[in-house]
**Student:** 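Quick one: the structure is below, questions incoming.
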There are 2 protein chains.
Amino acid sequence: MPSAHDLSIRQLQYAVAVADTLGFRKAAERCHVSQPTLSAQIRELEDVLGVQLFERDKRRVTLTRAGEIVVQRARKVLLGVDDLLNEAKRAGDPFSGTLRIGVIPTVAPYLLPEVTPAVSSKYPKLRLVFREEKTADIVRELDEGLLDAGLLALEADIGDYASAPILKDPFVVALPKGHSLAKKKKLAIDDLDDVPVLLLDDGHCFREQALAACERGGAREAAFRATSLATLAQMVSSGAGATLLPELAVEVENRRGQLDVRPLASPAPSRTIALVWRKSSPLGGPLGELAQTMRAAFRARG
Amino acid sequence: MPSAHDLSIRQLQYAVAVADTLGFRKAAERCHVSQPTLSAQIRELEDVLGVQLFERDKRRVTLTRAGEIVVQRARKVLLGVDDLLNEAKRAGDPFSGTLRIGVIPTVAPYLLPEVTPAVSSKYPKLRLVFREEKTADIVRELDEGLLDAGLLALEADIGDYASAPILKDPFVVALPKGHSLAKKKKLAIDDLDDVPVLLLDDGHCFREQALAACERGGAREAAFRATSLATLAQMVSSGAGATLLPELAVEVENRRGQLDVRPLASPAPSRTIALVWRKSSPLGGPLGELAQTMRAAFRARG
DNA sequence: TGGTTGCGATAGGATGCGCCTATCAGTGAT
DNA sequence: ATCACTGATAGGCGCATCCTATCGCAACCA
């Protein structure tokens, strides 16, 4: 609508000031403008509205009926504008309100408990909402603006995004308790050639990364594909084979000690978990700071 | 409050347009400005608010969280502005809304029934609110802006006002039915020298005007002062003396024929009933037209 | 009564804002 | 590779807004 809104907020302020002070000079003073300026703007406003708002008798100013109505409305509008300014200021603080972050399933259960307490205590006004999704979905929603950021592995196939690393997460081998390979302190990829290797289901980026690591050797994938690291660990502990796990998950998934876990000989394959956001996001700076907070919290974990 | 309201309504319109179209060019088109103009204004708005409202990715525009909030508020403000414009337009029609008119008691009961139907049918959107008060009160309230106009006698002591006459109202003599003076078709002021003349109470302008008329002869005032013409007529009909009545009141006050009413020889004293308003009132023109309508309606009375 | 003080309106001139057109730089589709 | 599209940028024009100085009028006061 191209309605002829050729009135300005300032004019409304002027009108309200005149109504309050019942005097052009006093109103002008209150608005920090000269009296002629204010007179001209009031006249302009009256012209735009097509109504006389004030009755200028020598020695006195009175509101016309139209003036009463318009000034009342103007007060409402100005209150609305004030609200807008205040809300904008509040919304301008990046560490208030809600931040929507997508997290891949092979990270969420292990990293979040470590870092969210620190974030919450550092930014009390900030509410983090995590969505657990696979990389591709996170990237899509990030792109559509449904998410503010993502927590995922930089090694995955993501697009051109800004990111800040949280932690480097080496892969380790998980074996059934007492497996013969567990006699070695460190394993090589080739050591897995003789055991079935269990991997995650399609779509999990960790599947691709583990697969890439294995392909340097001659390992073969088992027929079964797990839908979570927890299932994977369960399968391994029941003797179905071996697997690679991100070290991040070990503490949780081997909490009952049912696995034998061994590191891989360097250069050990690893993934880099990072906070990722659109390059154009105005939250860039704050998200970098948030990532820093997360990194520190993770390093200081108990 | 001199708050830094340095944002304009137009800027809010631009922001809403961008939010609606999700494109600067389309928004610019809708606002009938060039795209650079709109870009600059959005940038300016973001600067004033201290928040980025839109995320400009090449190929796409998205609202930031602050943008969502601000645009929502902006819509509210713009609706308020629209309301203001509409209300102003309505209030700008002088023949709509309410008109407060003060009427002197010696006019109200006799003139209003004659003229209000015509006014109502000619200006259906106009609501007339009449207050019956004495001249001095009407003048004061007129001055204070509590009344838009007054219906009173120009002969009274009013200040410097604009006015439009409604009718010339000659004074007539009211006598008890069958009074000896009633034998004459026309009376002179001197004829009242021998009867007590009843008059209204202080403050009624008609009292002063009747008194002035009588003083040209040698009439003497009765001890009693009536508070209304109805009382006056009642007193006269019961034989307490004679009185002057404005002709306007005769039809009503002598509706049961209990009085003998005789005109005064010319030049008969009279009063001029007029619609009166502040010279500075923006309703001047319309009130003149209203007076014209009243005059015509009175002349055409049944 | 004449001077002073208050009012809002007016005149004239400086400044800057908001607008324009023309162009650039990057993306995506053909 | 070209074309069509995005928003950002550059430069310039003109009007809107502001200022100061003044006028004309009303009220007050000596």
Side-chain angles (χ1 to χ4, degrees), chain A residues 2 4-15 17-48 52-64 67 143-145 159-162 278-282, chain B residues 2 4-15 17-48 52-64 67 143 145 159-161 278-282:
Chain A
H5 281 167
D6 270 329
L7 78 179
S8 69
I9 289 174
R10 215 167 342 108
Q11 286 168 347
L12 298 184
Q13 292 178 285
Y14 291 169
V18 172
D20 284 346
T21 61
L22 291 180
F24 278 56
R25 274 198 138 80
K26 274 171 285 184
E29 190 178 349
R30 206 178 76 166
C31 296
H32 305 110
V33 294
S34 70
Q35 168 263 318
T37 294
L38 184 132
S39 287
Q41 288 299 312
I42 293 290
R43 183 194 201 80
E44 164 84 13
L45 177 60
E46 288 176 330
D47 283 352
V48 169
Q52 191 172 334
L53 302 179
F54 302 102
E55 213 174 301
R56 291 89 146 162
D57 188 280
K58 301 286 170 192
R59 93 177 159 284
R60 189 165 49 209
V61 172
T62 331
L63 280 96
T64 63
D143 200 49
E144 290 171 2
D160 189 22
Y161 286 91
R278 288 182 300 281
K279 280 184 167 171
S280 60
S281 170
Chain B
H5 281 169
D6 270 329
L7 79 180
S8 69
I9 289 174
R10 214 165 345 106
Q11 286 168 347
L12 298 184
Q13 293 179 283
Y14 291 168
V18 172
D20 284 346
T21 61
L22 292 179
F24 279 56
R25 276 197 137 84
K26 274 171 283 183
E29 189 178 351
R30 204 177 77 165
C31 295
H32 304 110
V33 293
S34 71
Q35 168 265 318
T37 294
L38 185 133
S39 286
Q41 287 301 310
I42 293 290
R43 181 192 200 82
E44 164 85 13
L45 177 60
E46 289 176 330
D47 282 353
V48 170
Q52 191 173 333
L53 303 179
F54 302 102
E55 212 174 302
R56 291 87 146 164
D57 187 279
K58 303 285 171 191
R59 92 175 161 283
R60 186 161 55 207
V61 172
T62 330
L63 280 97
T64 63
D143 202 48
D160 189 24
Y161 285 91
R278 289 182 301 281
K279 279 183 169 171
S280 59
S281 169

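Lettering follows sequence order; numbering is per chain, from 1. All figures in this text were calculated on a predicted structure; none of them were measured in a lab.
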**Student:** Mapping A:Pro36 and A:Gln11 to their closest nucleotides on DNA chain D, which lands nearer the 5' end?
**Tutor:**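 Result of the comparison: A:Gln11.
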**Student:** Does anyone know the first and last nucleotide of DNA chain C in reach of chain B, 5' to 3', at under 4.0 angstrom to a heavy atom?
**Tutor:** C:dG18 to C:dG28
**Student:** Please confirm whether the shortest side-chain N or O distance from A:Thr37 to OP1 or OP2 of D:dC19 is below 4.0 Å.
**Tutor:** yes
**Student:** Determine the contact category for A:Arg25: base if any of its heavy atoms lies under 4.0 Å from a base atom, sugar-phosphate if only primed atoms, P, OP1 or OP2 are that close, otherwise nothing.
**Tutor:**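 Counting heavy atoms under 4.0 Å across all strands, the contact made by A:Arg25 includes a base.
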**Student:** According to a strict under-4.0 Å criterion, is A:Arg10 in side-chain N/O contact with OP1 or OP2 of D:dC18?
**Tutor:**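 Answer yes for this pair, as a side-chain N or O of A:Arg10 is under 4.0 Å from OP1 or OP2.
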**Student:** Would you indicate whether A:Glu29, at its atom CD, is surrounded by more than 12 heavy atoms from other residues, nucleotides or ligands within a distance under 6.0 Å?
**Tutor:** no
**Student:** Pick base, sugar-phosphate or nothing for B:Tyr14, based on heavy-atom distances below 4.0 Å to the nucleic acid.
**Tutor:**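 Contact class for B:Tyr14: sugar-phosphate only.
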**Student:** Let me know the distance between CG of B:Asp47 and P of D:dA8, rounded to the nearest Å.
**Tutor:** 12 Å
**Student:** Looking only at side-chain N and O atoms, does A:Ser34 come under 4.0 Å of OP1 or OP2 in D:dC19?
**Tutor:** yes
**Student:** Can you check whether any acceptor in the base of D:dA16 is under 3.5 Å from a donor in the side chain of A:Glu44, or vice versa?
**Tutor:**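 Such a pair does not exist between side chain and base.
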**Student:** So, OP1 or OP2 of D:dT6: does either fall under 4.0 Å of a side-chain N or O from B:Arg60?
**Tutor:**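 So the side-chain polar atoms of B:Arg60 never come under 4.0 Å of the phosphate oxygens OP1 or OP2 of D:dT6.
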**Student:** Take atom CD of A:Gln41 and atom P of D:dT17, then tell me their distance rounded to the nearest Å.
**Tutor:** 5 Å
**Student:** Starting at atom CZ of A:Arg43, determine the distance to atom C1' of D:dC18, rounded to an integer number of angstrom.
**Tutor:** 17 Å
